[in-house]
Number of protein chains: 2
Amino acid sequence: MSIWDIARVAGVSQQTVSRVINGKARVSEPTRAKVLKVIDDLGYRPNRLAQTLAGGPARAVTVLTSDTALYGAAATLRGMEEAARAAGFSVGISVLDAASQQTDIALRLNRPGEPVMVIAFDEAGMSALRALPPDVPVAAAVEYRSDDDPDADPWQVWLDDRAAAAHATRYLLSLGHRTVHYLAIPSSTSPLAQRTRGWQDALRDAGLPVPEPLQGGWTPRSGYLSVRSLVADRSVTAILCGNDDLALGVMRAAREAGRDIPGDLSVVGFDDSPPAAYLNPSLTTVRLDFEGLGRACFGLLYRRLAPESAPAVPEWSEPELIVRESSGPARA
Amino acid sequence: MSIWDIARVAGVSQQTVSRVINGKARVSEPTRAKVLKVIDDLGYRPNRLAQTLAGGPARAVTVLTSDTALYGAAATLRGMEEAARAAGFSVGISVLDAASQQTDIALRLNRPGEPVMVIAFDEAGMSALRALPPDVPVAAAVEYRSDDDPDADPWQVWLDDRAAAAHATRYLLSLGHRTVHYLAIPSSTSPLAQRTRGWQDALRDAGLPVPEPLQGGWTPRSGYLSVRSLVADRSVTAILCGNDDLALGVMRAAREAGRDIPGDLSVVGFDDSPPAAYLNPSLTTVRLDFEGLGRACFGLLYRRLAPESAPAVPEWSEPELIVRESSGPARA
DNA sequence: CTGAAAGCGCTAACAA
DNA sequence: TTGTTAGCGCTTTCAG
């Protein structure tokens, strides 16, 4: 069933049906009503592929992301999907695994030039971003982009991880800790990731030496394995973690080493993932507005596609330190 | 750039280019090599929309799911995406919120008749499944389907929640608990969800009275709120939870009520989500192979689309009880 | 083995 | 306000 069937039954041309469907051009009210009735009676549904192929406006977007299981990526994706669907876009998703070659990326799109959003919090996302052909309109959620670089890609959104990490570090120092150790997530901008930088900023500002940061992965297991020796050292009294999952692993390693949290050791995470508030002890962490970031990323893409008609890019929240049970004063 | 450009440069007809691209028909080796070279030189990428529109085989599938943030749905989606991409399908995703009307569902598809997978672990997913027009090929991951019903939809996959819940309950009873309480997730087959049934099965088989099950939601917060009064009752010594997030909330509520886990109260979850092994105490839970289920769901859909050529539907793992620290013998 | 034709369902330009 | 005419990029006929 196509617009031709509707046109025939309604006694109009197929073009008039097209006009009714996409609502732009003027159609007389009686005609429009007649066509809509036939559409409804016959249960007609437009074919979006054909609409796009024939040169209609872009109404589909593909999201490139590396791991849907991670809270940050999942929440960002959620925000993107929500905003995209609200704007009438269908959302494709394509997961980047370690094996995905740069040349493959363009082949994942449904058509050359299809708009794309990239969740580029890690190296896989960043390299996908770089691998995209220049003709695809893209917006990306990235780990961080410098504010001062005028040549930087304007089609990116990010959270101010650096300031947030600095804030969290200062908070721990204010509790009397002599220093703060840092367990890093893998970073897209390594070796000096923004969270790492922020932590360093705060320590340097306080005139303290900067311990060697530990390199972790993304999972609780990785956090657990990375800090087993560190937590055995009783002089270590505060650990900042690159995400909540790492913090979970750290807390377990600390427990097994006989450390008491927060009496003996303070642990702070990053993300404020849903379980954080219910852990034992509940986790002090930096809340990040990934959903807002995802919505904003789509907003940016929309403006890129339709500079005139697209609405303003929605705001998103600043990172916020949520103090819970896992952090406390340094033991006197 | 289209196949016409390739054809012109290669000095062949556009039809020959088409033959080379989809590799089916016979093309002489010299011709094929020539065409492939031109494709490579010009960086040509086929337009999948046009391929599909022109009557090519289906190479796109849309996943309908209600909440990507939940572990079960996220992991299932991951399996689906992995299998679909491996088979050369692009994956669309459309999130079902509470507001989504039944009639909207068909409009989310990129074309009438596009294949669909539904993650139907909850009521939103089930009603979307019911709302799909009869002409769309669909496969679904559902909470449970009876094995004995010969009229049941054969295009569904599920995990044997009922047996798993019974197993977990028997395990708790074997530890000496007088009875086991159950905190349920919202179910697509309420009022008697399969996990609830399995729990009842085990209690009845043991000749025990069945306490009223508690109705929870999906989140830790929901688990926390639902059992605050229950955990105050010292005679309650074992609680089975419909998922790990609920269990997390339950453990917190128990702690606040002064209960010791597992000395005083055993808590068992469902899912074996990534944090489970690192919680304090680590969580005894039923491991569910959502990824395998998602892969199998795509395998089923593939067979439905191409009964001849599709490979066998991959197997997935049975639920498995993982015993950790949160469960132990009833206090004597 | 290769080519020419027709058409998938739709939108855009142009006419009337 | 409506109808006519061309395509979008590709795959399927059907002829050679």
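All chains are named by letter (A, B, ...) in the order of the sequence lines, taking the proteins before the strands, and each is independently numbered beginning at 1.
- Under a 4.0 Å N-O distance rule, the pair Glu81(B)/Arg85(B) qualifies as a salt bridge.
- For dC10(D), the OP1/OP2 oxygens have no side-chain nitrogen or oxygen of Thr52(B) closer than 4.0 Å.
- For a distance-only test at 3.5 Å, the side chain of Arg19(B) qualifies as a donor-acceptor partner of the base of dG3(C).
- Salt bridge present: Arg8(A) and Asp5(A) bring a charged side-chain N and a carboxylate O closer than 4.0 Å.
- Remark: P of dT2(D) and CZ of Arg32(A) are 10 Å apart, rounded to the nearest angstrom.
- Put simply, OH on Tyr44(B) is 9 Å from P on dG9(D), counting in whole angstrom units.
- Here the C1' atom of nucleotide dA6(C) and the CH2 atom of Trp4(B) are 12 Å apart, to the nearest Å.
- At whole-Å resolution of the value, CD in Glu29(B) and C1' in dT2(C) are 15 Å apart.
- In this entry the distance linking NZ of Lys24(B) with P of dC10(D) reads 18 Å, nearest Å.
- Contact annotation: Ser18(A) side-chain N/O to dT11(C) OP1/OP2 distance is under 4.0 Å.
- One interatomic measurement links the two molecules: CD1 of Ile39(B) to P of dG9(D), which rounds to 15 Å at whole-angstrom precision.
- Look at Ser13(B) and you'll find a side-chain N or O under 4.0 angstrom from OP1 or OP2 of dG3(C).
- Going from atom CD1 of Ile6(A) over to atom P of dG3(D) covers 15 Å, rounded to whole Å.
- Annotation: of the two residues near DNA chain D, Val27(A) and Gln14(A), the 5′-most nearest-nucleotide partner is Val27(A).
- The phosphate of dT11(D) (OP1 or OP2) has a side-chain N or O of Asn22(B) nearer than 4.0 angstrom.
- Taking atom CD1 of Ile3(A) as the reference point, atom C1' of dT4(D) lies 13 Å away to the nearest angstrom.
- Listed nucleotides: dC10(C), dC10(D), dC8(D). Nearest to the side chain of Leu53(A): dC8(D).
- Between the base of dT12(D) and the side chain of Gln15(B) there is a donor-acceptor pair shorter than 3.5 Å.
- Under the 4.0 Å criterion applied to side-chain N and carboxylate O atoms, Arg108(B) and Asp104(B) are not assigned as salt-bridge partners.
- No side-chain heavy atom of Phe290(B) sits less than 4.5 Å from a side-chain heavy atom of Leu77(B).
- Distances shorter than 4.0 Å separate some side-chain N or O of Thr16(B) from OP1 or OP2 on dG3(C).
- Using a 4.0 Å heavy-atom criterion, one finds that Thr31(B) contacts the sugar-phosphate atoms exclusively.
- Here Gln51(B) lies in heavy-atom contact (under 4.0 Å) with sugar-phosphate atoms only.
- We find that Glu114(B) and Arg59(B) are not joined by a salt bridge, their nearest charged nitrogen and carboxylate oxygen being 4.0 Å or further apart.
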